[in-house]
Amino acid sequence: MGRRLLPVLAWAVIAAVVIQFAVHGPLWRLLVADESDESGEYLGEVLRLVRENYVVPEDAELPNLTDAALRGVMDSLDPHSEYMEPRSYRAMQEEIRGRFGGIGVQVEARQGRVVVVSPIAGTPGERAGILRGDEIVRVDDIELERGASLTDVVERLRGEPGTAVRVGLQRGESEQLVEVTIVREVIRIEAVANVRLLPDSVGYVQISEFSERTGDEFEQALVRLQGEGMTSLVIDLRNNPGGLLDAAVAVASRFFRRGDLIVYTQGRSPEEREEFRSERDRQPVSLPVAVLINAGSASAAEIVAGALKDTERAVIVGERSFGKGSVQSIFRLRNGAGLRLTTARYFTPSGTTIHEVGVSPHVEVVMTPEEDDRLRVQRARPDMDDPREFEERFGFAPIQDRQLDAALDVLRGARVLESRTGSAATL
């Protein structure tokens, strides 16, 4: 079976299993499973009446009605099921490969609004000063209505590298309107970043998303850190919106023996259970590990955190995660469009669900939104160690990362315990 995907806060960082799905016959045969059902005839009658009688004929052409009907069907299910027109489907495939033309922000639909989850480090969106929580209310001269399609907004923000787009943002409770003009670039998403050795030989790895390359990049990061003498590890999953299920399993597998259960998914019927186990033959990482999460950690990020917490392979530090525990499959339609459909929910090895619950940390350290925004900027600029230069450039002095400090305290305690017992500490 192909790859499975998980919902993310931003539509753009999702990957999928692609299942060929041929569309035959009239629209209502696509929408109604039982063609003999009266509802099929009823839908066909409605479409015929609209086509023959609607006052604006061009708006009642069958392709327009088909797209509208499909969007309505998917919108009636859950926030993560969606009909994607051919252009949207192609854009999603570009995202899977980790490269596309755009401004570099992750967005989500939230109560009828399109809100920035996080700007991507080093992109035009970040350089323009877009912040987490900004609501996108205008793109060029188009005012966005409440309930605007997330896909439509993303399509307007994306475009050819070198072209400009004006973005209107509603910022904060003051309802301050901010407008920025941004020149699009080729956005290359670096899944694993800021790989470095902290004091006391603590390895640090930030995973920003789970894409096709994440497993390999994480492996390379671990090899590098082990070569530098790493004795413990921090995995930073804060503001990681998720991505490929396979990528999450690949990352978690580094801490499990071959055959160990990492996660399983359960579909609508009992026989639709699928287990994902470690397939690695090498010895698992046995160092003390701390995982950082916050409310922006979702989906595949929660799989990794949940699996390591569930099996007592890591200490989880930070805030309760987002709580996205459903799995989507992508069905490719023959005209190049696609359906993203929720087909299962996932569970940690012990059978715990994360859906609408999230992963709770062992050590809770809550950051304010302002602290979180500032830390995001600091994490994106680890090379700027001069506080005055940093403040001149970004308008604020570097602040303390209290969540990271708590993780380092945990690992320091583990090393003390290990030195006293003479064996590896279990966290």
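Note that these values count all heavy atoms, side chains included, but never hydrogens, waters or copies made by symmetry.
In this structure the side chain of V195 reaches within 4.5 angstrom of the side chain of R224, judged on heavy atoms. Side chains of L233 and V202 form no contact here, defined as non-hydrogen atoms less than 4.5 Å apart. With a 4.5 Å cut-off on side-chain heavy atoms, V291 and V315 do not count as touching. Using a 4.5 Å heavy-atom cutoff, the side chains of Q378 and D401 are not in contact. Residues E370 and D373 form no side-chain contact, since every pair of their non-hydrogen atoms from C-beta on lies 4.5 Å or further apart.
A donor-acceptor contact closer than 3.5 angstrom is absent between the side chains of S326 and T342. In the model, R313 has a side-chain atom that pairs as donor or acceptor with a side-chain atom of T311 under 3.5 Å. Between K309 and S360, the side chains place a donor N or O and an acceptor N or O closer than 3.5 Å (distance only, hydrogens not considered). Looking at E271 and S269, their side chains do bring a donor and an acceptor atom within 3.5 Å of each other.
Counting all heavy atoms, side chain and backbone alike, L237 lies closest to I207 at CD2-CB, 3.8 Å. When all heavy atoms are compared, the tightest approach of I262 to S253 is CD1-OG, 3.3 Å. Shortest non-hydrogen contact noted between A221 and V205 is CB-CG2, 4.2 Å. Scanning all heavy atoms of the two residues, the minimum distance from F218 to I235 falls at CZ-CD1, 4.0 Å. The two residues S350 and T352 make their nearest non-hydrogen contact at OG-OG1, 3.1 Å.
The CZ atom of R113 lies 5.0 Å from the CD atom of E135; values are rounded to the nearest 0.5 Å. In this structure, the separation between CD on Q328 and CZ on R340 is 7.0 Å, given to the nearest 0.5 Å.
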Side chain to side chain donor-acceptor pair (under 3.5 Å) assessment of Q400 paired with D405: CA-CA 8 Å; Q400 199 68 22; D405 288 345; 2.9 Å; yes
Derivation and outcome, salt bridge (charged side-chain N to carboxylate O under 4.0 Å, His left out), residues R87 and E155: CA-CA 8 Å; R87 184 173 56 176; E155 287 178 355; 2.8 Å; yes
Check against side chain to side chain donor-acceptor pair (under 3.5 Å), N240 and S297: CA-CA 5 Å; N240 182 318; S297 306; over 6 Å; no
Test log, rule side chain to side chain donor-acceptor pair (under 3.5 Å), inputs E319 and Q403: CA-CA 9 Å; E319 306 165 33; Q403 292 172 334; 3.0 Å; yes
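At a threshold of 4.0 Å, the pair R48-E52 counts as salt-bridged, since one of the basic side-chain nitrogens sits closer than that to a carboxylate oxygen. A salt bridge links E275 with R273: at least one charged nitrogen is closer than 4.0 Å to a carboxylate oxygen. In this structure, R138 pairs ionically with E179, as a charged nitrogen and a carboxylate oxygen lie closer than 4.0 Å. With respect to D141 and R166, a salt bridge is recorded, a charged nitrogen being found less than 4.0 Å from a carboxylate O.
Among residues two or more places apart in sequence or in another chain, the salt bridge (Lys or Arg N to Asp or Glu O under 4.0 Å) test is passed with E126 by R376, R381. A search for salt bridge (Lys or Arg N to Asp or Glu O under 4.0 Å) contacts involving E219 returns R254, R280, R282, not counting sequence neighbours. In this view, R320 satisfies the salt bridge (Lys or Arg N to Asp or Glu O under 4.0 Å) rule with no residue, not counting sequence neighbours. Among residues two or more places apart in sequence or in another chain, the ring pair (Phe, Tyr, Trp, His ring centres under 6.0 Å) test is passed with Y264 by F347. For V46, the side chain to side chain contact (heavy atoms under 4.5 Å, CB included) test picks out Y42, V50, with sequence neighbours left out. Partners of R51 according to the salt bridge (Lys or Arg N to Asp or Glu O under 4.0 Å) rule, which considers only residues two or more places apart in sequence or in another chain, do not exist here. Taking the side-chain hydrogen bond (donor to acceptor under 3.5 Å, both in side chains) definition, one finds that Q283 meets it with nothing, sequence neighbours left out. Applying the side-chain hydrogen bond (donor to acceptor under 3.5 Å, both in side chains) test to Q206 and every residue at least two apart in sequence or in another chain returns N194. Looking at residues two or more places apart in sequence or on another chain, you find a side chain to side chain contact (heavy atoms under 4.5 Å, CB included) between V153 and V114, I136, L144, A148, L157. Considering only residues two or more places apart in sequence or on other chains, F396 meets the ring pair (Phe, Tyr, Trp, His ring centres under 6.0 Å) condition with F390.
Counting heavy-atom neighbours within 6.0 Å of E272 CD, excluding the residue itself, gives a total above 12.
Taking the centre and axis of the six-membered ring of Y204, the NZ or CZ atom of R196 falls inside the cone set by 45° and 6.0 Å.
For residues 55-64, no pair satisfies salt bridge (Lys or Arg N to Asp or Glu O under 4.0 Å), with sequence neighbours left out. Applying the salt bridge (Lys or Arg N to Asp or Glu O under 4.0 Å) test to residues at least two apart or on different chains, the pairs with a partner in residues 68-81 are R71-E85.
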